[in-house]
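I have placed the structure first, in the form of structure tokens, so that the comments after it can refer back to it.
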Amino acid sequence: MIELVDVSLKYDNETTAVDNLNLKIEQGEFVFIVGSSGAGKSSIIKLLLRERVATSGIVKVNGYNLNKIKKRKIPEFRRSLGVVFQDFRLIPNLNVFDNVAFSLRVTNASPKYIRTRVPYILELMGLTDKAKRFPHELSGGEQQRVALARALVNDPPMIIADEPTGNVDPELSYEIVSLLKEINDCGTTVIMVTHEHDIVRYFGGRTISIQKGKIEYDGYLGGNDESE
Amino acid sequence: MRASSFSYLSKQGVKSLWSNRMMTLASVGVLTACLLIVGFAVLLTENINNMVKFVEQQNEFKAFVYTEKAYNQMLTDKNEETIVPSYETKPGEENQWLGVLEKIEQEIKKIDNVSSVELVTKEEGIEEMKKQLGPEQASLLDDYKGEDNPLNDSFTVTVDDLSLLDKTISEVEKIEGIEIVTAASEAASTLTSIRNIINVVGWAIIGALVIVSLVIITNTIRASIFTRRKELNIMKYVGATNSFIRLPFIIEGICLGLLSALIAFGVIWVGYEAVLNTFVDKVSSQWLQEAFRSIIPFEDVALQLGGFFAISSIVIGVLGSVVSIRNHIKV
């Protein structure tokens, strides 16, 4: 699913953000990527989204070799991922329904499919009654659920969440991660980047700690989540 | 791309025009002004071209014959036998002056470039002047008859090739009996040089305005991109293709261009008609009235001008959008 072999990423050929990294994540895994700010977490995400190309090494995601992928294939590759950001990145002038439908529209989905698929995802996320609301009328937790709904609506095999709990209240953070866990239970690979160690300790599971662009720790932590 | 996606993206483009309405208004205003100037230059060039053609069609000149007295004087100077002037010719006798005129006419006809020759006698000349003076003052010319008619007999000569006009004139001037030749060739060459200047200046103006229009459209689209930068970024992450991202901005550029073209076209139409009607009615000079009649009616250039406006505004709109979006789709 994800395979990084001897991957390095240098900015302006000077700053090394990712240093000779080797990593493999299988289909259906739930992985936390942790590390302090500047450790290289975001750079790894940029490599996985093909926002950046590795200076050296091989980056393979969902069967695409991102070093060799043709430009016209990049949109197709990105449709195989669902992305959630810390700042939600919802479109302010679109309501909840249209924000979620947006992901489908760019894939040329038929209006009929959009009309059935979006309400289904909104129901899964508990957002049915918020469909007509605009982002500014929602709480941080609700906005992040809308962003999750948008990431899920295309039914991607992998979700990449970059600090998804960074802008929500602590109690809502647990709700967001629980939702990601539920999504993972359905077979979707989830990669969550966070610097909140409490959440990692609570939920446990495979955790990769990054420090100075290198893997400092890659192993399984036992969590306190009783629902597991 | 699905029709539904196309319609969705087109709506986004049109919505954006309204969201950035101040910028839209400014660009439509400046673009309209640019198109008005371009339209004015095009119409001016077309009309000058038409006027040159009009003058060129007047490919005739007048060759004035000596008066009978002057002709006889010339013969006397050459020690040749004089003729009996027409006003002294008695009924039944041969009109020798008519014979001279016929001979001159034949000689003019022999010149290669001459297509037709028409005799305008001095009596016809007086009648023409009477007509121009009007019925009230025509009687002033009543005394100019026979020997007292001060006008010359003349020939209206039409040529085939206007470029050989000067040569033809000099050949006519050499014919015995021809006193002077007058032609409109100077007017034609003046108009031709004006047309050439307008052509060069016109194209320079059009070129400069195309660049100005491009800059304006590019800036408007940039403002639009700025307000929608989040949307663009999200589009890339959810797997939108470049054409999907570009389309709303291209539609926006086309709308800006077409809107300006439509306004400019309307203003030019109304303005042109108004100017035409005002001048044609008020100008008293016969020559100017004749010249104004040669002005192209708007209907004749409407399609050409409209097509030019539509195509140039679409091209500028698309180009402006593509240029401004180029740097924003590299995510």
Side-chain angles (χ1 to χ4, degrees), chain A residues 45-46 48-53 61-62 64 69-85 87-94 98-115 135 146-147 149-156 158-162, chain B residues 1-25 220-252 255 321-331:
Chain A
I45 296 294
K46 281 178 181 168
L48 298 181
L49 295 177
R50 214 321 193 138
E51 204 182 316
R52 287 272 174 181
V53 184
V61 180
N62 288 345
Y64 293 88
I69 191 169
K70 284 184 180 149
K71 273 193 176 176
R72 60 185 169 83
K73 286 274 180 190
I74 295 173
E76 185 188 293
F77 155 69
R78 286 190 178 144
R79 287 174 200 176
S80 73
L81 300 171
V83 193
V84 181
F85 297 97
D87 56 356
F88 323 129
R89 298 198 192 177
L90 300 176
I91 301 165
N93 57 335
L94 295 184
D98 285 331
N99 260 294
V100 177
F102 190 76
S103 269
L104 289 173
R105 286 205 170 98
V106 303
T107 61
N108 254 338
S110 74
K112 194 180 164 191
Y113 180 69
I114 293 172
R115 279 197 299 272
V146 177
R150 186 182 60 197
L152 277 176
V153 75
N154 274 331
D155 201 13
M158 184 186 294
I159 297 270
I160 295 177
D162 188 6
Chain B
M1 186 177 288
R2 272 174 190 276
S4 60
S5 299
F6 186 82
S7 127
Y8 169 78
L9 292 173
S10 304
K11 273 183 207 155
Q12 292 297 314
V14 176
K15 263 188 197 170
S16 182
L17 283 174
W18 181 247
S19 316
N20 302 314
R21 48 194 173 276
M22 284 317 287
M23 203 64 197
T24 303
L25 203 69
T220 310
I221 302 290
R222 276 208 184 122
S224 177
I225 288 170
F226 186 77
T227 54
R228 293 176 62 193
R229 62 194 185 285
K230 262 190 171 183
E231 211 173 316
L232 283 183
N233 191 272
I234 297 160
M235 276 182 167
K236 293 301 290 186
Y237 285 119
V238 295
T241 56
N242 287 349
S243 58
F244 191 94
I245 296 171
R246 265 193 216 113
L247 193 65
F249 297 103
I250 289 175
I251 298 276
E252 192 179 340
C255 286
S321 310
V322 171
V323 167
S324 31
I325 192 96
R326 207 181 41 197
N327 293 328
H328 291 264
I329 49 179
K330 290 179 192 159
V331 180

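Chain A is the first sequence line, chain B the second, and so forth, proteins listed ahead of strands; every chain is numbered from 1.
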(request) List the atom of A:S103, the atom of B:V238, and the distance in Å for their closest heavy-atom pair. (result) OG-CG1, 3.3 Å
(message) Please find the pair of heavy atoms, one from A:F102 and one from B:I234, that lie closest to each other, and give the distance.
(response) CE2-CG2, 4.0 Å
(message) I'd like to check the salt bridge (charged side-chain N to carboxylate O under 4.0 Å, His left out) partners of A:R52; sequence neighbours left out, ordered by chain and number.
(response) none
(request) Check B:K236 against A:R78 and note the closest heavy-atom contact, atom names and distance. (result) O-CD, 3.1 Å
(request) Let me know if A:F77 has heavy atoms under 4.5 Å from chain B in its side chain, its backbone, both or neither. (result) neither
(message) Can you tell me how far apart CG (A:N108) and OG1 (B:T241) are? Round to the nearest 0.5 Å.
(response) 7.5 Å
(message) For A:D98, give me all partners under salt bridge (charged side-chain N to carboxylate O under 4.0 Å, His left out), at least two apart in sequence or on another chain.
(response) A:R105
(request) Go through the atoms of A:A151 and report whether side chain, backbone, both or neither lie under 4.5 Å from a heavy atom of chain B. (result) neither
(request) Answer with side chain, backbone, both or neither: which region of A:S110 has an atom nearer than 4.5 Å to a non-hydrogen atom of chain B? (result) both
(message) Please determine whether the number of non-hydrogen atoms from other residues, nucleotides or ligands lying under 6.0 Å from atom CZ of B:F6 exceeds 12.
(response) no
